[in-house]
Structures are given as structure tokens and as C-alpha cells.
Asker: 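My questions all concern the structure below.
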Amino acid sequence: MFDIIDSEKDFSKGISPYRLIKGEFDVCQPYFRAKKEATLDAPATKRRRKNKPKNPSNADLDTQKRHQEVRPQLIACLEQLPEKWPTEWKARTTPAIADLPADNETQAVDFPSIQQMVETAQDKFSFDTSPDDDNDIHVPEFKLELSITAEIDIFSIFNTVYINASLTDVKLLQFTPSATYLIPPRSSFLMGSMHNSLGQLGAHINKLGGADLIVMDPPWPNKSVQRSSHYETQDIYDLYSIPMQSMISNKDTIVAIWVTNKPKFRNFIINKLFPSWKLECVSEWMWLKVTTQGECIFPIDSEHKKPYEQLIIGRPIAPSDMSDRINMPESHIIVSVPSTRHSRKPPLHGALNAYQNNKKDPVCVEMFSRCLYPGWISWGNECLKFQHLSFFDKEDSLKGPE
């Protein structure tokens with residue numbers, strides 16, 4: 001009925017001798033709890049006058065309707081959660097470390113701002129980004145062969161696919177001594193914007209034979225908390241420009257899109273975006289965000305903010321002879337402790353791999369990415385945000401003798 005995801009453990013896989021620093025997923029207390037109603041015999045001076053309720057908008061009514069649809073499944077999950085909740089997580093009543101490094105300290109390089117500068121220069125000086133003679137889009141590649149690569153100019157990090165082809169070794173990409181980034185084995189990334197790099201991404205994925213899995217977390221407009229990313233637009237219709245057919249390349253690709261709880265965005269994906277990509281919605285997942293104690297980070301019926309987000313999953317419309325497809329449940333819940341960093345989603349590798357026939361080397365892509373995974377291709381204008389070396393510890397047991 002539901003899966004529990006250990007984000008700290010999953011983000012540490014495949015990057016030995018490094019691991020994610022402890023405390024990144026130690027949300028030990030709810031962000032707020034439901035307040036108890038004042039008793040009738042409380043002193044009148046201490047009663048708060050309730051504002052006259054406003055007439056709900058159509059959007060509010062749609063949101064509440066959707067909440068009532070998913071609420072029974074969420075409640076059932078919460079009722080069963082204590083039986084399966086890891087006992088070692090409940091022991092975490094305070095964060096593992098008290099002073100996690102702040103975002104402005106760990107992201108020594110403001111990649112989105114530099115990307116905008118590079119893009120402006122390209123537009124002004126008309127740098128050649130057109131297809132080459134055989135009508136293929138030119139996609140430069142750079143393979144990280146050294147354990148530490150320090151010769152890359154920070155303005156050259158964009159519009160090039162950087163690849164760590166090693167099966168086991170982590171590579172470090174160093175711009176300055178305080179700006180060193182960890183590149184996992186078998187990973188690659190393409191830094192750029194929707195304006196100038198989507199064609200490159202499509203061409204690169206197509207050259208690999210198409211993607212088996214595509215996960216994206218678009219910067220939806222009007223979020224209650226502004227994301228720190230600086231994608232050049234948040235217009236939902238710009239998602240049409242993603243070259244999905246080129247990236248799918250006739251595969252039975254799973255496309256999973258994170259979406260806020262505004263019904264209009266969910267409806268847009270299911271009824272407009274997916275059909276334009278020749279996909280159909282096959283499953284809708286909920287990510288239930290809980291503390292280390294297994295308690296919702298917000299009250300389940302909070303009108304301000306819900307303790308869950310949605311993941312809409314599409315696949316190409318299945319031909320009648322696709323007998324080897326593993327069907328996905330129409331709905332599913334994943335449960336995890338959220339990151340202490342804003343808008344960092346749990347890793348979906350394990351939860352979705354079972355529906356890819358457990359392929360040995362699937363082509364997996366994350367769009368609007370803010371970190372890298374072993375074996376994945378990441379795209380966006382801040383792929384390296386959470387790859388700064390300060391987010392990782394080196395295992396003492398694997399260090400050499402003093």
C-alpha cells in the first residue's frame with residue numbers, strides 16, 4: 001500500500017568513500033500542529049474573535065474536493081505506519097547536527113545567475129548553436145577522467161554534457177578551493193536553460209537509445225514559498241517545448257512529474273501535457289511528509305498547507321502486443337522524512353525501478369535537477385546545487401592511516 005523511503009541512505013548509495021552528511025533529513029518535529037479550540041468557559045478576554053469566513057473560490061473548492069478524494073488512502077497509511085516505521089528513526093528526537101551549513105554557504109557558485117550571464121552573451125554575440133551539417137544538434141561532451149578536475153572554466157560549465165564514466169569512482173569538479181563538487185560514478189549532467197539546452201538534451205538522450213525513466217520537478221508558478229532557482233520562466237505552457245518524443249524514442253518510458261496541490265496543474269498534466277506527448281496517465285502517487293517520529297509535518301486537514309505532494313505518472317499509450325509491461329497501481333503512497341532544505345524531493349530510484357522490468361542499465365533522466373545520482377543523467381540550471389562537497393562526509397574507515 002505504501003513504501004517508506006530512507007532518503008539519507010539512498011542519497012549515500014554508490015558514492016563511497018563519501019556519504020551524505022547526517023542531519024539532512026532530521027525533521028524531528030512538525031512544522032506546526034492543529035491548535036485546540038478555546039473552551040466555552042475560557043475567559044472572554046482571552047478568546048480570539050474569529051474573522052468572518054470568506055466565500056471559497058472555485059480553486060479552493062477544487063483543492064478541497066481533491067483532498068477528500070485522497071484523504072481516505074492517506075488516513076489508512078497513517079494508521080498502518082507505526083507498525084512499519086523504523087525504530088532507529090524514532091530515536092532521532094533532535095537533529096543529528098545542530099548547525100547544518102546554510103544554503104548560501106554551501107552553494108559557493110550561483111549557477112543560475114552565471115547561466116543567465118552566459119545566455120545573454122550568447123544572444124548578444126550570436127554564438128553558433130545551430131545544428132551541424134547533418135542536421136544533428138551539436139552536443140559537446142567532456143569526460144571527467146581525473147580524480148579532481150580543476151581546469152574547467154566556470155563559464156564553460158553550461159551546454160556541455162559532463163560525464164563520469166567510471167563504474168565505481170567518485171570524481172571531484174573544482175572551480176575554486178571553496179567550490180568543489182562531487183560527481184557520482186556513472187553519472188552525467190547538462191547545465192542549461194529551457195531556452196538554449198532542451199534540444200541538446202533531447203539529442204543526447206536520443207543518441208543513447210531513449211530514456212527508460214524521466215522524472216521532473218518543474219518550478220510551478222505561485223508557490224507559497226519561492227524556489228531559489230532562477231529558471232527563466234515558470235509558464236506552464238513552456239513545458240510543451242520539452243522534446244519528449246525525441247527522449248522517449250519509441251520506448252515504454254515512465255514519465256513522472258512532481259506537481260503542487262493546485263488541481264489546475266494536475267489537470268493540465270493529465271489532460272493537456274501528457275496527450276501532447278502521446279502519453280496517458282497510468283498512476284498518481286502521493287508523497288506523505290512525516291517527521292522522524294512518523295507524525296505529519298502539517299495537520300492532515302490543514303487549510304494552509306498539506307503534508308503531501310503529488311506525483312503524476314504517464315507512459316506511452318500501450319499497444320495491444322505490449323505483454324511484458326509491468327502495470328502500475330492507479331494510486332500509491334511513498335512516505336519519507338523531508339529534507340531540511342527547501343524543495344528537495346525524495347529519491348525515486350528504488351520505488352520506480354520495479355516497474356522497468358528491473359533493467360540492468362536503464363537510461364534514467366532527471367529534469368530541473370538540483371543534484372546528481374549514480375547512473376542518472378541530470379538536466380537544469382543548478383544540477384550541482386546539492387553536490388557541493390560540504391554536503392558530504394568522507395568515511396573514516398576508508399581513510400588511510402595517519
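Positions are given from 1 along the sequence.
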Asker: Mind checking the CH2-OG1 spacing from W85 to T292? Nearest 0.5 Å is all I need.
Answerer: 8.0 Å
Asker: What distance do Q293 atom CD and C28 atom SG have between them, rounded to the nearest 0.5 Å?
Answerer: 6.5 Å
Asker: Calculate, to the nearest 0.5 Å, the distance between atoms CG and CG belonging to L190 and N159 respectively.
Answerer: 6.5 Å
Asker: Quick one: does any side-chain atom of N164 pair with a main-chain N or O of D169 as donor and acceptor, under 3.5 Å?
Answerer: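 The answer is yes, because a donor-acceptor pair under 3.5 Å joins these two groups.
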Asker: Shortest non-hydrogen contact from I154 to I157?
Answerer: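 Nearest pair, atom of I154 first, then I157: O-CG2, 3.2 Å.
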Asker: With rounding to the nearest 0.5 Å, note down the distance linking OG1 in T94 to CG in D26.
Answerer: 8.0 Å
Asker: Within the 3.5 Å criterion, strictly below it, is a donor on D60 or T63 matched to an acceptor on the partner's side chain?
Answerer: no
Asker: May I have the step-by-step check of side-chain hydrogen bond (donor to acceptor under 3.5 Å, both in side chains) for H195 and S193, ending in yes or no?
Answerer: CA-CA 5 Å; H195 172 68; S193 71; 5.9 Å; no
Asker: Can you list everything that forms a salt bridge (charged side-chain N to carboxylate O under 4.0 Å, His left out) with K90? Sequence neighbours excluded, please.
Answerer: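 Counting only residues at least two positions away or on another chain, K90 forms no salt bridge (charged side-chain N to carboxylate O under 4.0 Å, His left out).
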Asker: Report yes or no: is the cationic atom of R341 (NZ for Lys, CZ for Arg) closer than 6.0 Å to the six-membered ring centre of F391, at no more than 45° off its axis?
Answerer: no
Asker: Would D10 and K13 pass as an ion pair if we require N to O under 4.0 Å?
Answerer: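 Salt bridge between D10 and K13, a charged N being under 4.0 Å from a carboxylate O: yes.
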Asker: Answer yes or no: is there a side-chain heavy-atom contact under 4.5 Å between Y18 and P184?
Answerer: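 Sidechains of P184 and Y18: no contact.
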Asker: Go through it in stages, so that I can follow the logic: the residues are Q387 and L173, the test is side chain to side chain contact (heavy atoms under 4.5 Å, CB included), and I'd like the CA-CA distance, side-chain angles, deciding distance and then a yes or no.
Answerer: CA-CA 10 Å; Q387 294 305 122; L173 184 56; over 6 Å; no
Asker: How close do C371 and E366 get, heavy atom to heavy atom, and via which atoms?
Answerer: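 Closest approach of C371 to E366, heavy atoms only: O-OE1, 3.9 Å.
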Asker: From L384 CG over to F175 CZ, what is the distance, rounded to the nearest 0.5 angstrom?
Answerer: 6.0 Å
Asker: Side-chain donor-acceptor contacts of residues 277-287 below 3.5 Å, not counting sequence neighbours, with atom names and distances?
Answerer:
from	atom 1	to	atom 2	distance (Å)
S283	OG	W285	NE1	2.9
S283	OG	P329	O	2.5
E284	OE1	R66	NH2	3.0
E284	OE1	R266	NE	2.6
E284	OE1	R266	NH2	3.3
E284	OE2	R266	NH2	3.1
W287	NE1	S336	OG	2.7

Asker: Can you tell if the side chain of P140 reaches within under 4.5 Å of the side chain of H138, non-hydrogen atoms only?
Answerer: yes
Asker: Look at atom CD of E88 and say whether more than 12 heavy atoms of other residues, nucleotides or ligands are closer to it than 6.0 Å.
Answerer: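 Yes - once you tally the heavy atoms of other residues, nucleotides and ligands closer than 6.0 Å, there are more than 12.
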Asker: Begin with the C-alpha distance, continue with both residues' side-chain angles, and end with the deciding distance and a verdict on side chain to side chain contact (heavy atoms under 4.5 Å, CB included) for D235 and M194.
Answerer: CA-CA 11 Å; D235 188 334; M194 295 188 74; over 6 Å; no
Asker: Look up atom CE in M244 and atom OG in S249, then write down how far apart they are to the nearest 0.5 Å.
Answerer: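 So the gap between those two atoms works out to 13.0 Å.
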Asker: With a 6.0 Å cut-off (strictly less than), is the heavy-atom count around CG of N58, excluding the residue itself, greater than 12?
Answerer: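 Counting neighbours around CG of N58, 12 or fewer heavy atoms of other residues, nucleotides or ligands fall under 6.0 Å, so no.
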Asker: Ring-plane angle category for F25 and F11, please: parallel below 30°, perpendicular beyond 60°, tilted otherwise.
Answerer: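 Parallel: the ring planes of F25 and F11 meet at under 30°.
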Asker: Which atom names give the shortest non-hydrogen contact between M191 and C383, and what distance separates them?
Answerer: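 That closest heavy-atom pairing would be SD-N, 3.3 Å.
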Asker: Evaluate I269 against F274 for side chain to side chain contact (heavy atoms under 4.5 Å, CB included), listing each step before the verdict.
Answerer: CA-CA 6 Å; I269 293 172; F274 275 175; 3.7 Å; yes
Asker: In a check of ring pair (Phe, Tyr, Trp, His ring centres under 6.0 Å) between F189 and each of W376, Y162, Y373, which one passes?
Answerer: Y162
Asker: Does any part of the side chain of P307, heavy atoms only, come nearer than 4.5 Å to the side chain of I300, both counted from C-beta?
Answerer: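 In contact.
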Asker: Whether K345 engages the ring of W258 as a cation-pi pair (distance to the six-membered ring centre under 6.0 angstrom, angle to the ring normal within 45°) should be assessed.
Answerer: yes
Asker: Which heavy atom of N261 sits nearest to which heavy atom of K306, and what is that distance?
Answerer: ND2-CB, 3.7 Å
Asker: Evaluate whether atom CG of N250 has more than 12 neighbouring non-hydrogen atoms of other residues, nucleotides or ligands under 6.0 angstrom away.
Answerer: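 Check fails, neighbour count at 12 or below.
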Asker: Establish, from distance only, whether the side-chain atoms of H332 and D3 form a donor-acceptor pair under 3.5 Å.
Answerer: yes
Asker: If I compare all heavy atoms of A354 with all of I326, which pair ends up nearest, and what's the gap?
Answerer: O-CD1, 3.3 Å
Asker: Short question: side chain of N353, backbone of G350 - any donor-acceptor pair under 3.5 Å?
Answerer: no
Asker: In the structure I gave you, are the side-chain heavy atoms of P347 and S7 within less than 4.5 Å of one another anywhere?
Answerer: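 Yes; the side chains approach each other to less than 4.5 Å.
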Asker: Sequence neighbours excluded, which residues qualify as ring-ring contact (aromatic ring centres under 6.0 Å, His included) partners of F2?
Answerer: none
Asker: Counting distance only, does the side-chain N/O of S246 pair as donor-acceptor with the main-chain N or O of G202 below 3.5 Å?
Answerer: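 Pair found, side chain donor or acceptor close to backbone of G202.
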Asker: Within the 4.5 Å heavy-atom criterion, are L311 and L348 side-chain neighbours or not?
Answerer: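 Side-chain contact under 4.5 Å: yes.
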Asker: Which pair of heavy atoms, one from I297 and one from V290, lies closest together, and at what distance?
Answerer: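 Of all heavy-atom pairs spanning I297 and V290, the closest is CG2-C, 3.9 Å.
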Asker: So, using salt bridge (charged side-chain N to carboxylate O under 4.0 Å, His left out) as the criterion, who are the partners of D212 when residues are at least two apart?
Answerer: K251, K359
Asker: Under the side chain to side chain contact (heavy atoms under 4.5 Å, CB included) criterion, do E382 and Q115 qualify, and how do the steps go?
Answerer: CA-CA 9 Å; E382 50 180 353; Q115 183 270 324; over 6 Å; no
Asker: With no hydrogens and no angle check, do the side chains of H304 and S302 hold a donor and an acceptor under 3.5 Å apart?
Answerer: no
Asker: Give a yes or no on whether a salt bridge exists between R71 and D301, defined as a side-chain N under 4.0 angstrom from a carboxylate O.
Answerer: yes
Asker: Considering residues at least two apart in sequence or located in another chain, which fulfil the salt bridge (charged side-chain N to carboxylate O under 4.0 Å, His left out) criterion with D6?
Answerer: none
Asker: If you define the side chain from C-beta out and look only at heavy atoms, does anything of W220 sit under 4.5 Å from I257?
Answerer: yes
Asker: With Q174, which residues qualify under side chain to side chain donor-acceptor pair (under 3.5 Å), at least two apart?
Answerer: T180
Asker: Side chains of L208 and I377: closer than 4.5 Å at any heavy-atom pair?
Answerer: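 Sidechains of I377 and L208: in contact.
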Asker: Evaluate the side-chain proximity of L273 to I242: yes if any heavy-atom separation is below 4.5 Å, no if none is.
Answerer: no
